[in-house]
Amino acid sequence: EPLAIGVVYMKFFVDTADVAEIKDLAASGLLDGVTTNPSLIHKSGRQMLDVIKEICAIVPGPVSAETVATDHKTMLEEGRKLAKLAKNVAVKVPLTPDGLKTCKALAAEGTMVNVTLCFSAAQALLAAKAGASFISPFVGRLDDIGQDGMHLIEEIMTIYRQYPHFKTEVLVASVRHTMHVVQAAKLGAHVATVPPNVLRQLFKHTLTDNGLKAFLDDWAKTGQQNAKAAATMTPTKQRQWKFWTDWQAWLQAKGSSIKPHKALPQHWNTMALGRSGTRLEATVNSRESRIGMEVYIDHEHSKAMFKQ
């Protein structure tokens, strides 16, 4: 049964204040938002308002910026100041009575609010009633004390599904590894906010690496060049490789047992520079038997023609 807010796909937020990391990940097209906190801002060594404003210009999705006050009045003032930085700021408040009062006030003003430091389903229920845009359950910290963090996500999702008027998105936080992300997705969580290294680990699999290496090794054996390598070649080198592939095609047409040598043939440089009628010797199989051939270079059409 789908949630009332309509989950199209799981969103990925990155949990960092490192602008260089955010730019790199945003370029992948996989980044939907950013979460920050006072600890991450401290690690960046920069002023909070400057960092948040810069991140908001990089990522069009929600960027969580946290208040540091603990009383409702000051928290609301801080939240309003943060909300003025950019339209995509989500003000982050703690799951306390004053935090929920601030959440309700900011939500009424049209500001996105991320209620953080959630450790129970009861707390998540209160945040949804207060109008939070996001609730951030900390799964890793629950795991650290011997509890099952993902069980909390399951409980919250079950509760939210019972009440279609709730618009709060479950933002899985304190993610420690890729299985947290996979488990959250299986439970239908709306968002996972992950450290940059965990987001990159989602790409990784040993069999993918091994398979790619095998493909590239086989490609190298063909003697052909990819587009990037070809673009960086000098005109002379480009002609050399063009004649090299023509030569391969000619050898392969002679029969399946004919294989070109891995190295460029003798006199190849001379051929590319303009001399035609050069006689070549080529290794054609593993037993080092040889065939002799003559080559004619058609420079007008950048083509090599061979005759045995």
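The figures that follow rest on heavy atoms only: side chains count, while hydrogens, waters and symmetry mates do not.
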Any Lys213 side-chain heavy atom under 4.5 Å of Leu216 side chain: no
Pair Asp209-Thr206, side-chain donor/acceptor within less than 3.5 Å: no
Asp71 CG to Lys101 NZ distance, which is reported to the nearest 0.5 Å: 10.0 Å
Atom pair OG1/NZ of Thr35 and Lys92 - distance to nearest 0.5 Å: 5.0 Å
Polar side-chain atom of Lys104 near backbone of Gly131 as donor-acceptor pair, under 3.5 Å: no
Thr16 side chain reached by Ile22 side chain, heavy atoms, under 4.5 Å: yes
His180 side-chain N/O to Arg176 backbone N/O, donor-acceptor pair under 3.5 Å: yes
Worked check of side-chain contact (heavy atoms from CB on, under 4.5 Å) between Phe203 and Leu30: CA-CA 11 Å; Phe203 289 97; Leu30 299 175; 3.4 Å; yes
Point-to-point distance, once rounded to the nearest 0.5 Å, from OG1 of Thr74 to CD of Glu78: 7.0 Å
Flag side-chain contact, heavy atom, 4.5 Å: Leu100 against Thr102: no
Residue of the set Leu31, Val194, Leu171, Val175 for which side chain to side chain contact (heavy atoms under 4.5 Å, CB included) holds with Phe13: Leu171
In one Ile/Leu/Val/Met/Phe/Trp/Tyr side-chain cluster, 4.5 Å: Val68, Leu82: no
Residue that, paired with Val34, satisfies side chain to side chain contact (heavy atoms under 4.5 Å, CB included) out of Ile55, Leu40, Val19, Thr193: Ile55
Joint hydrophobic cluster, Ile156 plus Tyr163, side-chain heavy atoms closer than 4.5 Å: yes
Side-chain touch Met179/Met150, heavy atoms, less than 4.5 angstrom: no
Main-chain N/O of Phe134 paired to Thr168 side chain as donor or acceptor, under 3.5 Å: no
Gap between atom CE of Met75 and atom SG of Cys103 - 0.5 Å precision: 10.5 Å
Close side-chain approach of Pro38 and Glu66, heavy atoms under 4.5 Å: yes
For the student: nearest non-hydrogen atoms of Met10 and Ala185, plus distance: SD-CB, 3.6 Å
Electrostatic pair Asp98-Lys73, nearest N-O below 4.0 angstrom: no
Listed partners of His151 passing side chain to side chain contact (heavy atoms under 4.5 Å, CB included), at least two apart: Asp148, Glu154, Glu155
Sidechain N-carboxylate O distance under 4.0 Å for Glu21, Arg200: yes
Main-chain N/O of Leu25 paired to Ser28 side chain as donor or acceptor, under 3.5 Å: yes
Let me check something: any side-chain donor-acceptor pairs from residues 111-128 under 3.5 Å, sequence neighbours excluded? List them with distances.
unit_1: Asn114; atom_1: OD1; unit_2: Ser136; atom_2: OG; d: 2.7
unit_1: Asn114; atom_1: ND2; unit_2: Ser64; atom_2: OG; d: 3.1
unit_1: Asn114; atom_1: ND2; unit_2: Ser136; atom_2: OG; d: 3.4
unit_1: Ser120; atom_1: OG; unit_2: Gln123; atom_2: N; d: 3.1
unit_1: Gln123; atom_1: OE1; unit_2: Phe119; atom_2: N; d: 2.7
unit_1: Gln123; atom_1: OE1; unit_2: Ser120; atom_2: N; d: 3.2

Close side-chain approach of Glu169 to Lys11, heavy-atom, < 4.5 Å: yes
Cluster overlap Val191 with Val63, hydrophobic side-chain contacts below 4.5 Å: no
Reported CG-to-NE2 distance for the pair Asn197 and His177, which is rounded to 0.5 angstrom: 12.0 Å
Gap separating the CG atom of Leu76 from the CD atom of Glu109, nearest 0.5 angstrom: 6.0 Å
